[in-house]
Amino acid sequence: MNLITFTIAMTALISLILTLIAFWLPVLNPNSEKLSPYECGFDPLGSARLPFSLRFFLVAILFLLFDLEIALLLPLPWGTQLDSPLFTILWTTIILILLTLGLIYEWSQGGLEWAE
């Protein structure tokens, strides 16, 4: 058996085993939360007109904004292989300083507080 056939067979076997385990394990210990059609933390049978916490959405948006730094910093390992990596390090430092200043501003304005 060559290596490619073995790799495909092992990948299919492991995928099948993990799929069977994923379907089998939740049946062992059912409770009302696992049997609920929604896993968002809200009661699906209650009123749909419940007020949402605006603070939760603001913190979620802040998380998304600061999480985008990963997308901005992903090319960094390839940028250091340039002839002059000083330019890449300069832009990386500027991005990190701007993100740090934004975090300090949000912290000082109370944007990261859960409770009022």
(request) Quick one: pull up CG in L3 and OG1 in T7 and give me the separation to the nearest 0.5 Å. (result) 4.0 Å
(message) Is there a path of hydrophobic side-chain contacts, each under 4.5 Å between heavy atoms, that joins L98 and F63?
(response) no
(message) Can you confirm whether more than 12 heavy atoms, excluding those of L13, are under 6.0 Å from its CG atom?
(response) yes
(message) To the nearest 0.5 Å, what is the distance between CD1 on I89 and CD1 on I94?
(response) 12.5 Å
(message) Could you report the tightest heavy-atom contact between L96 and T100, atom names first, then the distance?
(response) O-OG1, 2.7 Å
(request) Any chance you could lay out the side-chain contact (heavy atoms from CB on, under 4.5 Å) test for I17 and I14, step after step, and finish with the verdict? (result) CA-CA 5 Å; I17 290 171; I14 291 172; 5.7 Å; no
(request) Could you grab the distance from atom CD1 of I104 to atom CD1 of I97, nearest 0.5 Å is fine? (result) 10.5 Å
(request) Supply the atom-to-atom distance L16 CG to T11 OG1, rounded to the nearest 0.5 angstrom. (result) 12.5 Å
(message) What verdict does the side-chain contact (heavy atoms from CB on, under 4.5 Å) test give for L20 and W24, after you've listed the backbone C-alpha separation in whole Å, the side-chain angles of each residue and the deciding distance to 0.1 Å?
(response) CA-CA 6 Å; L20 290 175; W24 177 65; 5.8 Å; no
(request) Supply the atom-to-atom distance L18 CG to I21 CD1, rounded to the nearest 0.5 angstrom. (result) 6.0 Å
